[in-house]
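No experiment lies behind these values; they were computed from the predicted model shown. Excluded from the calculations below are hydrogen atoms, water molecules and symmetry mates; all remaining heavy atoms, backbone and side chain alike, are included. The chains referred to below are lettered A, B, ... by the order of the sequence lines, with proteins before strands, and numbering in each begins at 1.
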Amino acid sequence: MEVVRLRVNGDERVCGVPAHYTLLEALRYGLGLTGSKQGCDKGDCGACTVIVDGRAILSCITPVWEAEGRDVRTVEGLANGTELHPVQDEFDLNGAAQCGFCTPGILCSSVALLDRNPSPSRGEIRAALSGNLCRCTGYEKIYDAVEAAAARLDP
Amino acid sequence: MSSRRESTQHSIGDPQRNGSRDGESGLSTIGRPMRKVDGLAKSTGRARYTDDIRFPGMLHGKILRSPHPHARIVAIDTSRAEALEGVHAAVTGRDMPVTYGIIPWTPDEYPLCVDRVRYVGDGVAAVAAVDEDTAIAALDLIDVTYEELPAYLDPHEAIAADSGPYIHEPRKPGWNGNITKTVKLEFGDVDAGLEDAHIMVEGDYFFEGTTHTPIEPHCAIGLAEGNGRLTVWSATQVPHYLHRELARVLDVDPASVRVIQPPVGGAFGGKSEPFDLEFCVARLSMMTGRPVKILYTREEVFYSHRGRHPFHMRYRTGADREGMLTAVDSEIVMDGGAYASFGLVTTYYSGQLLTAPYQMPAYRFNSTRAYTNKPACGPKRGHGSVQPRFAFEVQLDRIAEKLSIDPIELRRRNFIGADTRTVNDLRVTSNGFLECLDEVERASGWKHKHRRLPFGRGVGVAGSTYITGTNYPVYPNDMPQSGIQLQVDRSGRVAVFSGASEIGQGVDSMVAYIVAEELGVPLAHVRVLAGDTDFTPVDLGAYSSRVTFMLGNACIDAARKLKAQVQEAVAAEWGARPGEVLLAGGLAVRAGDTATSMPLRVAFNLAEAMYGTLGSTGSYNTPKDVHGTYRGATIGASPAYSFTAHVAEVEVDVETGFVTVEKIWIAHDCGRALNPVLVAGQMEGSAYMGFAEALMEEQIFKTADQGRAGLHNAPSLLDYRIPTSLDTPALESLIVESIDPEGPYGAKEAGEGPLHPSIPAIANAIHDAVGVRMDSLPFSPPRVWRALRAVEDGRGDRVAGLRAAGVGGAT
């Protein structure tokens, strides 16, 4: 076991992890933040996507040590206190989450997109989400939700 | 019959706030865009899936899998593994030597193999250890001695075998143990129908196998509590069947077994029977007294499979001068993989579900499911009927072409109608197929596009039907298919106890909408407690598109019983008749005197004072007069059928063979859309999945020449190419409502039917674009390229046999 210090969703956290742990394993098994999902464990599906220093990254292929000293944001940290991020709310309103398993990763990719591009085109949304596999929706409702969130953020 | 167009944006209000009702339907919640009851849990990361659950002292299990496609197990020795520090237990097949199978007539698998492995990946032993790393290390210390047997990878070779060793022991001496099931049924005089036909179209088709690929891998946790009780948490879509099989195989009193189904991260049919991990976590927990979890790797998900069968199909279709069908004849060989799974049903479905939405005076099918030494195939979204539908709808397109009839017009002419029986005696009630055709024709601009687009671009149409639940449970019994229990507390809250499986389709929300509709309570006051066999009435599971229809009707039944008690109590208070008491908008209101009202909470309290603790149960069972009396007539029978039509628009690059699907218009008769947002989501997800099978996905296995026989070609989400956002075409949902007489508020299914036409619509669009008939799936660039070259070479539009020519495979 090694001691790793992480800044996650604004909190300074310390946890003991095996040296080979990925950021995803540290989040899920070290800190109990199970919102980020493991779908493939090799960087193919995007269910593990979190935001590190403003960029959407695949936590299942990121060694936990690479996240030390950086700002990690997960699905649990997207809301501002009791106020949902608009994209979380719009996912519900638009039926963008069916089984919901890819949803945390897609929300993180969407928030990272909206943070750097507050009014993305549909094509830009498609491109930004191309690393996140969704098996339920056919993506249409997800685009609708991200567009609606963008409209709320940048009316 | 009404139909309407689905707009892309919905406004979601809480209709309970203003108590408004839809003037046409008289409904206030049903039929409107509403939030899902689990929507915010899923978008905040709070939803806890099976792998998100941990217990103190929990052990981690791993399963050792066969490296051989077919072999005898001569010996297994787990002693070195058990001696490893951190390993708490090991099990082999000999610890659980009881066969099981989801279909009670074909129990042919063990939780772990006892004396024979039948595919690369078949489970032979399992361990439980303090952590996953130790469990993985322990697998390397299990010594297995195998004696390899000849493997069958091709279904035709398996069927041709005239002596053993077969993949399974023949059920009778002299039979071929490589065959799961053969079904031959004939309705009407097919030979005469083909002989009298003005034209007869004949074709060979191949549908490659595909797999479900839910993003959540299978996961289960077992907990033997030491007092004889056993709890299993599992990502399953059939908790009731799992409950039964766990008790039977592990020889535990069913009353001591509890199955909890947390939210499931996608299933699509791939979690609809028991799997090795569920038996293993239970058994390992019983041995260690500790909770045990097993999470499949992505590779294990690919090997556990139970997905779409590869089908080799031959169709002969006759039609008269006007394009009216005279007879349909099919021969189908299905590649079933190593175990039966749902294969008995699949074999029937391959023929039984083709007989609508078109009238056919004579129909014959002859389907055989072979065992092969590959992972077992089973039910994937559109179970057993997606493959024949592809072939048949291409046949129809060929007939239309030969007779110079517009393909949509040809389908209209052959429409079977509503309130009728099919040639194989299935009862059809509501049928909105013509409206579906109208909608896709209009929305796609068909009349301006078909045969009018420049070379390389084209449109294609296809139609289909699908069951709304299967008429009989997988084990014969007379009990209801679905049950619901409602319970009311003194704050005005209504709890719904539902045994149904939320797999993302929205069933927990569906029952909440019904309770809100019937009792007038705000949606926020409805709590759904689901998926726990200790506390919920039985629902048979999330399969065969049965849940909305069956559970919805059960929920209406329960809610109306409760409503009657509330009306009675309030009527007594007001000195009114019960029928004068309306429940809506969070109030009890006197009809014709809206000034007389009380909050529902008070109304519920009055009812509790009158009747005691308030609650009710409801159930649904299927009508039994919806099918014929011949052997097999019950398989394919459903209380209602959904109907779908698609138009696909494609662009084909003739230099590379690359097909781009620009858009799919999806019109679907779902009876009534209880929540149009969720229905459209099912339609789009279905069309996406069909598109994926048409162009991209192949669940294929290597031969000995390609490396190692039976090895999965691409067991990863990078190499098994499921579509990304950039691959997926634009999808437009067009909801058609035929208001079924027996469905809840008229609803039928939407989860599986809308997949079917995607594939033939794309095939037919490719023909419109470049003049080649694609009859082998998937329509990958090499296949399309070769088909184009074959046309150039003057070999016409017959492009079968490409697979034999080496196209496909690892391409």
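The contact between Leu107(A) and chain B is made entirely by side chain atoms (from C-beta outward), counting heavy-atom distances below 4.5 Å. For Ile53(B), no part lies near chain A; criterion is any non-hydrogen pair under 4.5 Å. The parts of Asp51(B) that come within reach of chain A are both its backbone and its side chain, each placing non-hydrogen atoms under 4.5 angstrom from that chain. Residue contact with chain B, scored on non-hydrogen atoms closer than 4.5 Å, involves the side chain of Thr103(A) exclusively. If you measure heavy-atom distances from Phe268(B) to chain A, the contacts under 4.5 Å come from the side chain alone. In this structure, chain B has heavy atoms under 4.5 Å from both the backbone and the side chain of Tyr29(A). Of the two parts of Ala47(A), only the side chain, counted from C-beta on, holds a non-hydrogen atom closer than 4.5 Å to a non-hydrogen atom of chain B. Interface remark: Asn132(A) contributes no atoms to any contact with chain B (heavy atom separation under 4.5 Å). Proximity to chain B (any heavy atom under 4.5 Å) is restricted, for His20(A), to the side chain, taken from C-beta onward.
Ranked by heavy-atom pairs under 4.5 Å with chain B, the first of Gly43(A), Gly95(A), Ser130(A), Cys134(A) is Ser130(A). Considering only heavy-atom pairs separated by less than 4.5 Å from chain B, the leading option among Leu78(A), Asp89(A), Asp41(A) is Asp89(A). In terms of heavy-atom pairs under 4.5 Å with chain A, the best-connected choice from Gly266(B), Gly504(B), Pro263(B) is Gly504(B). Top candidate by heavy-atom pairs under 4.5 Å with chain A, chosen from Val301(B), Ile722(B), Asp727(B), is Ile722(B). When each of Glu502(B), Gln505(B), Arg46(B), His212(B) is checked for heavy-atom pairs under 4.5 Å with chain A, His212(B) comes out on top. Between chain B and the residues Thr137(A), Leu33(A), Ile142(A), the largest count of heavy-atom pairs under 4.5 Å involves Thr137(A). Chosen from Thr213(B), Ile503(B), Asp38(B), the residue pairing most often with chain A at heavy-atom distances under 4.5 Å is Thr213(B). The greatest number of non-hydrogen atom pairs below 4.5 Å with chain A, out of Ala267(B), Ala692(B), Ala730(B), Ala47(B), is found for Ala730(B).
In this structure a side-chain-to-backbone donor-acceptor pair under 3.5 Å is present from Lys42(B) to Cys99(A). Between the side chain of Tyr139(A) and the backbone N or O of Tyr688(B) there is no donor-acceptor pair closer than 3.5 Å. Side chain of Gln88(A) to main chain of Ser43(B): a donor-acceptor pair is present (N/O by atom type, distance under 3.5 Å, no hydrogens or angles). Distance alone, capped at 3.5 Å, places no donor-acceptor pair between the Arg35(B) side chain and the Asp92(A) backbone.
Rounding to the nearest 0.5 Å places CG of Leu718(B) at 11.5 Å from SG of Cys45(A). Summarising the geometry, atom CD belonging to Glu684(B) is positioned 12.5 Å from atom SG belonging to Cys136(A); distances are rounded to the nearest 0.5 Å. Within the model, atoms CG of Leu129(A) and OG of Ser725(B) stand 5.5 Å from one another, a figure rounded to the nearest 0.5 Å. With rounding to the nearest 0.5 Å, the separation of CG in Leu93(A) from NZ in Lys36(B) is 12.5 Å.
Gly39(A) and Leu717(B) get closest at one heavy-atom pair: O-CD1, 4.4 Å. Among all heavy-atom pairs drawn from Pro723(B) and Arg135(A), the shortest one is CD-NH1, 4.1 Å. The nearest pair of heavy atoms linking Pro729(B) to Glu140(A) is O-OE2, 4.0 Å. Residues Gly265(B) and Phe101(A) share a closest heavy-atom pair of CA-CB, 3.7 Å. Scanning all heavy atoms of the two residues, the minimum distance from Leu731(B) to Gly138(A) falls at CD1-O, 3.7 Å. Nearest heavy atoms, Leu84(A) versus Thr44(B): CD2-CG2, 3.6 Å.
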task = Would you check, one step at a time, whether the test side chain to side chain contact (heavy atoms under 4.5 Å, CB included) holds for Thr724(B) with Arg126(A)?
result = CA-CA 9 Å; Thr724(B) 68; Arg126(A) 285 179 78 184; over 6 Å; no

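Environment of CZ in Arg5(A): sparse, with no more than 12 heavy atoms of neighbouring residues, nucleotides or ligands closer than 6.0 Å. Within a 6.0 Å radius of CZ in Arg70(A), more than 12 heavy atoms belonging to other residues, nucleotides or ligands are found.
A donor-acceptor pair shorter than 3.5 Å cannot be found between the side chains of Gln38(A) and Glu216(B).
The residues Arg28(A) and Asp52(B) are annotated as salt-bridged, a charged nitrogen and a carboxylate oxygen being separated by less than 4.0 angstrom.
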